[in-house]
Amino acid sequence: MTAKIAYEDVEVGTELPGRSFPVTRATLVQYAGASGDFNPIHWNEKFAKEVGLPDVIAHGMFTMAEAIRLVTDWAGDPASVVEYGVRFTKPVVVPNDDKGAEIAVTAKVAAKLDDNLVRVDLTATSAGLKVLGMSRAVVRLA
């Protein structure tokens with residue numbers, strides 16, 4: 001696969017379509033099984049609260065992965081992301097109810113680089129709080 005978005009078709013400031021990703025306790029258990037990260041702060045409410053958290057929290061790498069989906073879906077090829085980094089600023093708190101939590105992600109092209117590369121800056125929030133800081137991806141476009 002190659003990126004479906006042409007470098008010539010984007011400008012600095014181009015906004016990617018925003019998206020929200022639901023997170024439930026079941027999602028966290030599935031991710032724990034896939035990743036091998038069974039830390040009880042991600043599934044055991046009693047333990048999470050005993051260590052000072054407000055409730056069970058989503059895995060940081062899960063949150064990071066959900067956020068970059070916005071970019072890979074936009075570009076049309078996951079392999080088009082050549083660099084990605086974030087700073088974890090707040091946890092995604094996942095209550096034990098039918099709704100769970102939501103990660104809302106927006107992004108825009110922040111810079112056009114050489115060799116058909118663009119830098120995309122992402123903003124990820126949950127419950128009105130910014131959960132990722134300095135979230136940036138370098139993407140190779142067509």
Side-chain angles (χ1 to χ4, degrees), residues 1-45 47-49 51-142:
M1 294 179 70
T2 59
K4 295 178 182 174
I5 303 293
Y7 180 80
E8 297 80 23
D9 292 342
V10 299
E11 298 297 330
V12 171
T14 298
E15 293 186 16
L16 284 61
R19 193 160 167 207
S20 292
F21 301 96
V23 186
T24 64
R25 295 281 179 95
T27 309
L28 299 182
V29 171
Q30 292 167 337
Y31 183 81
S35 69
D37 181 352
F38 293 101
N39 187 324
I41 65 172
H42 303 304
W43 57 270
N44 184 319
E45 186 173 329
F47 182 84
K49 289 181 176 181
V51 298
L53 294 168
D55 207 331
V56 165
I57 63 170
H59 303 74
M61 296 303 287
F62 172 82
T63 304
M64 188 177 175
E66 290 293 81
I68 199 64
R69 284 177 59 193
L70 179 76
V71 177
T72 59
D73 289 351
W74 170 73
D77 179 11
S80 65
V81 176
V82 298
E83 186 179 316
Y84 179 45
V86 306
R87 213 175 51 203
F88 301 107
T89 56
K90 298 280 185 199
V92 175
V93 178
V94 184
N96 191 19
D97 59 19
D98 293 337
K99 292 176 22 177
E102 187 175 89
I103 302 168
V105 185
T106 59
K108 68 177 177 178
V109 175
K112 289 185 84 169
L113 311 170
D114 293 333
D115 199 25
N116 284 18
L117 296 172
V118 295
R119 190 186 89 217
V120 177
D121 290 354
L122 297 90
T123 301
T125 61
S126 184
L129 300 172
K130 192 173 179 181
V131 296
L132 299 176
M134 299 295 292
S135 184
R136 296 179 174 170
V138 176
V139 183
R140 185 176 315 283
L141 300 180

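Side-chain atoms are counted along with the backbone in the values below, which use heavy atoms only and exclude waters and symmetry mates.
Using a 4.5 Å heavy-atom cutoff, the side chains of E11 and V109 are not in contact. With contacts defined as side-chain heavy-atom distances shorter than 4.5 Å, the pair V10/V118 qualifies. Contact annotation: the side chain of E102 never approaches that of P22 to less than 4.5 Å [non-hydrogen atoms, C-beta and beyond]. Under the 4.5 Å side-chain criterion, counting only non-hydrogen atoms from C-beta, V139 is in contact with V71. The shortest side-chain heavy-atom distance between L122 and T106 does not fall under the 4.5 Å cut-off. Under the 4.5 Å side-chain criterion, counting only non-hydrogen atoms from C-beta, I57 is not in contact with V94. Side chains of N96 and V56 form no contact here, defined as non-hydrogen atoms less than 4.5 Å apart. In this structure the side chain of T72 never reaches within 4.5 angstrom of the side chain of D77, judged on heavy atoms.
Rounded to the nearest 0.5 angstrom, L70 CG and F21 CZ are separated by 6.0 Å. Distance check, rounded to the nearest 0.5 Å: CG of L16 to CG of D121 gives 10.5 Å. Atoms CG and CD1, on N116 and I5 in that order, are 12.5 Å from each other to the nearest 0.5 Å. Rounded to the nearest 0.5 Å, atoms NZ (K4) and CG (D9) are 14.5 Å apart. Summarising the geometry, atom CE belonging to M64 is positioned 12.5 Å from atom CD1 belonging to I103; distances are rounded to the nearest 0.5 Å.
For residues 123-142, the side-chain hydrogen bond (donor to acceptor under 3.5 Å, both in side chains) pairs, not counting sequence neighbours, are D115-R140. Sorted by first and then second residue, the ring-ring contact (aromatic ring centres under 6.0 Å, His included) pairs involving residues 56-98 (not counting sequence neighbours) are Y31-H59, Y31-F62, H42-H59.
Nearest heavy atom pair, residue D55 against residue P95, reads OD2-CA, 3.8 Å. Shortest non-hydrogen contact noted between V131 and P91 is CG1-O, 3.9 Å. Shortest non-hydrogen contact noted between A58 and V23 is CB-CG1, 4.4 Å. Nearest heavy-atom pair, T89 versus G133, reported as atom, atom and distance to 0.1 Å: CG2-N, 3.5 Å.
Under the 3.5 Å distance criterion, the side-chain polar atoms of W43 are matched with a main-chain donor or acceptor of F38.
By the neighbour-count criterion of 12 heavy atoms within 6.0 Å, atom NZ of K90 is sparsely surrounded, having that number or fewer from other residues, nucleotides or ligands.
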Worksheet entry | Derivation of the side-chain contact (heavy atoms from CB on, under 4.5 Å) call for M134 and V86 | CA-CA 5 Å; M134 299 295 292; V86 306; over 6 Å; no
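Under 4.0 Å is where a charged nitrogen must lie from a carboxylate oxygen, and between E45 and R25 at least one such pair does.
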